[in-house]
Every structure is written in structure tokens, then in C-alpha cells.
Amino acid sequence: MYTGMLHMHRLVVILFLLIYLVKATLLVLNRKDSLQKFSATLKVPEMIISIAFLVTGIILAFNSGNLGPWFWVKMVAVATSIPLAIIAFKRMNKPMALMAVMFIVYAYGISETKSPSFKADDLSASYSAADPAQMGQSIYEGECLACHGAEGKGGASGAKDLTSSALTPDERLDIILNGKNAMMAYRDRLSPEQIDAVAGYVETLAAP
Ligand code: HEC
């Protein structure tokens with residue numbers, strides 16, 4: 001359910017972004033007649049898209065397991081963009097329209113990278129231990145538990161039950177490295193040793 005909602009949210013956001021982009025482009029090119037025609041034609045679809053944007057976003061937020069600081073930065077960017085766009089297109093103000101587009105593109109980039117700087121946060125310094133098993137468990141508890149639950153059965157953000165995983169250890173490792181759907185990639189967030197340690201810990205949950 002969550003993952004389907006995530007795909008729908010992304011689709012709706014892309015449509016929303018495209019409408020913004022076309023409108024801002026027409027405004028910047030002084031094509032005011034075309035802008036008015038475009039806005040009038042898309043009035044109802046735009047309303048539906050905006051509502052779907054909001055509703056899918058709220059459903060996702062309430063069912064998410066781990067909303068880091070990036071989420072709040074994104075919220076501020078979206079909350080800045082929308083009133084800015086409404087005023088910009090009403091007053092035909094080009095700089096404001098461009099700013100609105102920039103904020104929404106920025107919010108989109110944060111979502112895709114789960115980071116306000118579009119760069120994965122390096123978490124590796126938070127975990128160090130002589131004993132890899134201990135380190136694996138600490139990383140799991142610090143980074144994975146919010147979605148996967150203490151025993152691996154949790155399902156927040158559409159997380160898969162790790163205790164009934166049908167994947168091979170290599171496939172599981174691949175998802176930890178590269179992420180999938182709501183799960184972020186850990187390739188650049190943890191060191192290779194830390195990835196091995198947490199993957200090892202996941203194997204103890206998958207095959208207890
Ligand atoms: C934001 C929530 C979230 C966090 C945090 C998270 N995961 Fe996930 N995880 C998911 C989701 C969602 C899936 C399912 C992806 C899919 O197949 O659609 C998943 C799938 C997996 C799978 C594959 C399971 C299977 O059988 O398909 C593994 C293994 C896994 N996660 C390990 C981890 C580890 C290890 C961490 C911490 C380093 C972690 N996850 C952190 C959400 C999360």
C-alpha cells in the first residue's frame with residue numbers, strides 16, 4: 001500500500017512540477033495570452049493534481065517510519081513554493097515564479113536523495129566497534145529499526161518483513177547498498193565494513 005502510494009505521489013508531484021515549469025516558462029517569455037489559456041485549460045486537472053499531491057503526501061507522512069531532518073527541510077521548501085507560485089502567477093511576477101519553481105525542484109531533489117544537500121549523509125562516524133556483530137546490531141537499531149522493527153517484522157514506510165525475506169543474502173545486500181522505494185541507499189552512508197556488519201545482523205533476523 002505504502003509503496004503504491006509512494007509511486008502515485010511521485011507521479012503527481014512530477015505532473016505538478018511540469019505544470020509549474022510550463023507556466024513559469026510562458027511567463028518569462030512574456031507569452032501572457034498562452035499562459036492564461038494554459039491555466040484556464042488546466043484549471044480542473046491542476047486542482048485534482050494539487051489535492052492528490054497533498055493527500056498522498058499526508059498519507060505517506062503518517063505511515064512513514066523514519067522521517068529525518070531532510071523531511072522537514074522539504075516541507076519548508078514545499079510550504080514556501082506554493083504560496084509563492086499562487087502570488088507569482090496572479091501578479092505575473094517572473095522572479096517569484098522562478099523562485100517557486102526552484103523551491104519545488106529543490107523539494108523534489110531532497111525527496112529523491114533523502115538529503116537537503118543532495119548528498120547522502122555520512123553516518124559511518126556514528127558507529128565504531130571492535131566486534132562486528134555488536135556494530136551490526138547498533139547500526140540496525142540506529143538506522144533500520146524505525147522502519148523494520150526490533151525483530152525485523154516491522155512494516156513502516158512499506159518495509160519488508162526481514163524474517164520472511166524470500167531474497168538471497170546477496171539480493172538483500174544489494175538492497176542495503178542501493179536502497180529500494182522508500183528505503184534509502186546505504187552505500188555512501190556507511191563504510192563497507194559497516195555494511196557487512198549490518199548485513200550480517202540482518203541475516204541473523206532472516207534465518208534465526
Ligand atoms: C525509511 C524506511 C526504511 C529504513 C530506514 C530501512 N529500510 Fe530496509 N526496506 C524498506 C522498504 C520500504 C523495503 C522494501 C523495498 C521494496 O522491495 O519495495 C525494505 C527492504 C529491505 C530489505 C529487503 C528485504 C526483502 O526481503 O525484500 C533489506 C534486507 C533491508 N530493507 C534492510 C535494511 C537495513 C539493513 C536497514 C538499515 C541499514 C534498512 N533496511 C533501513 C524501508 C526501510
Side-chain angles (χ1 to χ4, degrees), residues 1-14 55-78 107-208:
M1 206 290 277
Y2 185 97
T3 301
M5 193 63 68
L6 186 67
H7 291 315
M8 191 146 112
H9 185 65
R10 183 185 278 133
L11 176 70
V12 167
V13 168
I14 290 172
V55 171
T56 51
I58 290 171
I59 295 175
L60 288 173
F62 278 102
N63 290 287
S64 289
N66 192 358
L67 295 174
W70 62 271
F71 175 78
W72 300 105
V73 179
K74 171 177 119 172
M75 284 299 101
V76 172
V78 172
Y108 184 75
I110 296 179
S111 287
E112 291 297 328
T113 57
K114 307 272 192 290
S115 156
S117 60
F118 296 2
K119 254 186 23 221
D121 299 325
D122 187 356
L123 306 165
S124 59
S126 315
Y127 303 99
S128 58
D131 174 6
Q134 183 56 44
M135 180 162 75
Q137 184 171 358
S138 313
I139 296 171
Y140 184 85
E141 286 169 359
E143 305 301 328
C144 325
L145 184 146
C147 291
H148 287 286
E151 268 111 55
K153 292 183 197 289
S157 295
K160 292 271 166 75
D161 181 345
L162 298 175
T163 64
S164 62
S165 173
L167 303 179
T168 64
D170 276 349
E171 288 167 334
R172 283 191 282 270
L173 178 63
D174 184 61
I175 291 180
I176 299 170
L177 286 169
N178 301 310
K180 193 172 172 191
N181 293 319
M183 180 169 155
M184 57 182 86
Y186 285 90
R187 183 185 288 282
D188 298 322
R189 293 174 206 264
L190 296 168
S191 71
E193 296 74 41
Q194 289 169 331
I195 297 271
D196 281 349
V198 77
Y201 185 74
V202 165
E203 292 313 306
T204 67
L205 298 172

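We count ligands from 1, going down the list as the structure has it; atoms in each ligand are counted the same way.
Ligand 1 lies nowhere less than 4.0 angstrom from a heavy atom belonging to Ala146.
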From CA spacing to verdict: side-chain contact (heavy atoms from CB on, under 4.5 Å), Arg172, Glu203: CA-CA 9 Å; Arg172 283 191 282 270; Glu203 292 313 306; 2.7 Å; yes
Would Glu143 and Gln194 count as a side-chain contact (heavy atoms from CB on, under 4.5 Å) if you check the C-alpha gap in whole Å, the side-chain angles of each, and the deciding distance to 0.1 Å? CA-CA 12 Å; Glu143 305 301 328; Gln194 289 169 331; over 6 Å; no
Checking side-chain contact (heavy atoms from CB on, under 4.5 Å) for the pair Ile176/Met183: CA distance, chi angles, key distance, verdict? CA-CA 8 Å; Ile176 299 170; Met183 180 169 155; 4.3 Å; yes
Start with the C-alpha gap between Thr168 and Asp170, add the side-chain angles, then the distance that decides, and say whether side-chain hydrogen bond (donor to acceptor under 3.5 Å, both in side chains) holds. CA-CA 5 Å; Thr168 64; Asp170 276 349; 5.5 Å; no
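Heavy-atom proximity to atom 28 (C) of ligand 1, evaluated over Leu162, Leu205, Thr3, Thr163, is greatest for Leu162. Remark: among candidates Arg172, Met183, Gln194, Arg189, the nearest residue to atom 32 (C) of ligand 1 is Met183, based on non-hydrogen atoms. Between Gly136, Cys144, Gly200, Gly155, it is Cys144 that holds the heavy atom closest to atom 34 (C) of ligand 1. The option from Ala185, Ser164, Cys147, Ser157 that lies nearest to atom 1 (C) of ligand 1, judged by heavy atoms, is Cys147. Taking all heavy atoms of Asp174, Leu167, Leu6, Ile176 into account, the minimum distance to atom 25 (C) of ligand 1 is reached by Leu167.
The two residues Ala120 and Asp188 make their nearest non-hydrogen contact at CB-CB, 4.0 Å.
In the vicinity of Ala182, heavy-atom distances shorter than 4.0 Å reach the ligand 1 atoms 1 (C). Contact atoms of ligand 1 toward Gly158: 11 (C), 12 (C), 14 (C) (distance under 4.0 Å to a heavy atom of the residue). Here is the list of ligand 1 atoms found below 4.0 Å of a heavy atom in Lys180: 15 (C), 16 (C), 17 (O). Residue contact check: Ser165 has heavy atoms under 4.0 Å from atoms 25 (C), 26 (O) of ligand 1. Atoms of ligand 1 found under 4.0 Å from any heavy atom of Asn181 (numbered from 1 in listed order, with element): 16 (C), 18 (O).
Within the 4.0 Å heavy-atom criterion, the part of His148 lying near ligand 1 is the side chain and not the backbone. Residue contacts with ligand 1 for Tyr186 involve side-chain atoms from C-beta outward but no N, CA, C or O (heavy atoms, distance under 4.0 Å).
A side chain to side chain contact (heavy atoms under 4.5 Å, CB included) with Ser115 holds for exactly one of Asp121, Ile110, Val73; it is Asp121.
Residue Asp161 has no nitrogen or oxygen atom sitting less than 3.5 Å from a nitrogen or oxygen atom of ligand 1, judged on distance alone.
Between the side chains of Ser111 and Lys74, at least one donor N or O lies within less than 3.5 Å of an accepting N or O. Between the side chains of Tyr2 and Ser64, at least one donor N or O lies within less than 3.5 Å of an accepting N or O.
Asp161 places a side-chain N or O within 3.5 Å of a backbone atom of Thr163 that can act as its donor or acceptor partner.
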